[in-house]
Amino acid sequence: MRIYMTEDYQSMSRRTANIISAQVITKPDSVLGLATGSTPTGAYQQLAEWYRKGDLSFAEIRTLNLYEYYGLSPRHEQSCRCAMQRNLFDHIDIRPENTYVPDGLARDPRAECAAYDATIRALGGIDLQLLGIGVNGHIGLNEPGDDFGLESHLVQLSESTLQRNSRFFECREDMPRQALTMGIKSIMHTHRILIAASGAEKADILCRAFCGPVSREVPASILQLHPEVTLVGDRAALSGLREAGLPICG
Ligand code: F6R
């Protein structure tokens, strides 16, 4: 695993965007796995800026998002679909038909998940998967205790995720309690993983994920077994890993 430390959120975002843009430039028809949440929004802004300047094109890029809340319409402003449009897709030249997010209104969640996995396979797998990390160690929305052997599936959100992500909804009751998420097995099959983290609140979980045992209680710990992981974090997020003595690049 390579770990890059940056000074703050802004430089973490630029470094994350740099790695994504290198992937886009070297393989213009890459399949990118994308994340939502607050961490990647700065990187998306940076990518959109490079697109505006003419330095980057997404015309042949395909994207697959990690999850969608189950029960939310793609038009709901807190849906992952809407967040991706707002933060990235509406600002770049990606073709709408090349952007995939699970359908939160699917009548049959199992069939929707099977179709999503079939899409991942039909696209030839994911070249670069961007991840954030939950304070409880979730990646995608694979919560502590979830089965590592699953591909896309319907998941019950943990109390910790419900509490934390309800900040994005008008009231907590509006927040769905389930999501359709790519599974750990799907994430582990991606060719390269780029995990981004910012802020002191991520320091402890990053330590547990990368210095502790691989355990279902900390889903991100499985990434220790992936051969191509890059972690980009700011000084505050990486403070624990630094103390633990993990080799960190500047
Ligand atoms: C994946 C996703 C989550 C977040 C995680 C951290 O698409 O959205 O796994 O990466 O919950 O969220 P933030 O970035 O808001 O701290």
Side-chain angles (χ1 to χ4, degrees), residues 6 8-10 12-13 15-17 20 32-45 63-70 72 74 76-89 99-102 104 113 116 120 126 128-146 150 152-169 175-184 186-188 190 193-206 208-209 218-223 229-234 236-238:
T6 69
D8 53 19
Y9 176 77
Q10 212 186 353
M12 184 280 294
S13 298
R15 184 68 61 90
T16 301
I20 297 170
L32 302 179
L34 297 179
T36 44
S38 49
T39 305
T41 55
Y44 293 155
Q45 274 170 18
T63 66
L64 290 141
N65 264 83
L66 280 162
Y67 73 87
E68 183 57 278
Y69 289 113
Y70 189 52
L72 279 199
H76 189 290
E77 64 172 21
Q78 295 312 331
S79 68
C80 292
R81 164 55 75 183
C82 225
M84 287 310 302
Q85 294 298 142
R86 194 166 56 235
N87 294 327
L88 183 64
F89 299 154
T99 65
Y100 299 89
V101 181
C113 288
Y116 207 64
I120 298 174
I126 293 174
L128 178 66
Q129 175 66 56
L130 175 63
L131 296 176
I133 181 170
V135 288
N136 66 357
H138 72 213
I139 47 176
L141 280 180
N142 295 280
E143 300 282 31
D146 283 356
L150 295 177
S152 302
H153 61 287
L154 181 69
V155 70
Q156 305 290 329
L157 302 183
S158 67
E159 193 50 38
S160 145
T161 300
L162 286 168
Q163 251 181 36
R164 215 182 126 74
N165 288 12
S166 63
R167 71 191 193 277
F168 298 117
F169 291 80
M175 187 181 163
R177 307 184 75 82
Q178 294 176 305
L180 303 172
T181 184
M182 271 169 56
I184 294 288
S186 333
I187 292 172
M188 290 300 281
T190 62
I193 289 180
L194 171 59
I195 176 161
S198 169
E201 65 177 5
K202 298 289 171 72
D204 178 53
I205 195 64
L206 284 172
R208 291 179 62 206
V218 182
S221 64
I222 191 74
L223 299 176
V229 176
T230 300
L231 165 63
V232 179
D234 59 22
L238 297 190

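For ligands, and for the atoms within them, numbers begin at 1 and follow the listed sequence. What you see below is based on every heavy atom in this structure, not just the backbone, and it leaves out hydrogens, waters and symmetry mates.
- Sorted by first and then second residue, the salt bridge (charged side-chain N to carboxylate O under 4.0 Å, His left out) pairs involving residues 32-44 (not counting sequence neighbours) form an empty list.
- Near ligand 1, residues A35, T36, G37, S38, T39, L66, Y67, G132, I133, G134, H138, G140, R164, R167, K202 each place a heavy atom inside the 4.0 Å sphere around the ligand atoms.
- Taking the ring-ring contact (aromatic ring centres under 6.0 Å, His included) definition, one finds that Y70 meets it with nothing, sequence neighbours left out.
- Shown here are the salt bridge (Lys or Arg N to Asp or Glu O under 4.0 Å) partners of R164, two or more places apart in sequence or in another chain: E201.
- Donor-acceptor pairing under 3.5 Å is lacking for the side chains of T181 and Y116.
- Within 6.0 Å of atom CZ in R177, 12 or fewer heavy atoms from other residues, nucleotides or ligands are found, so the atom counts as exposed in its surroundings.
- Using modelled atom types, one finds a donor on one side chain and an acceptor on the other under 3.5 Å when comparing E143 with T161.
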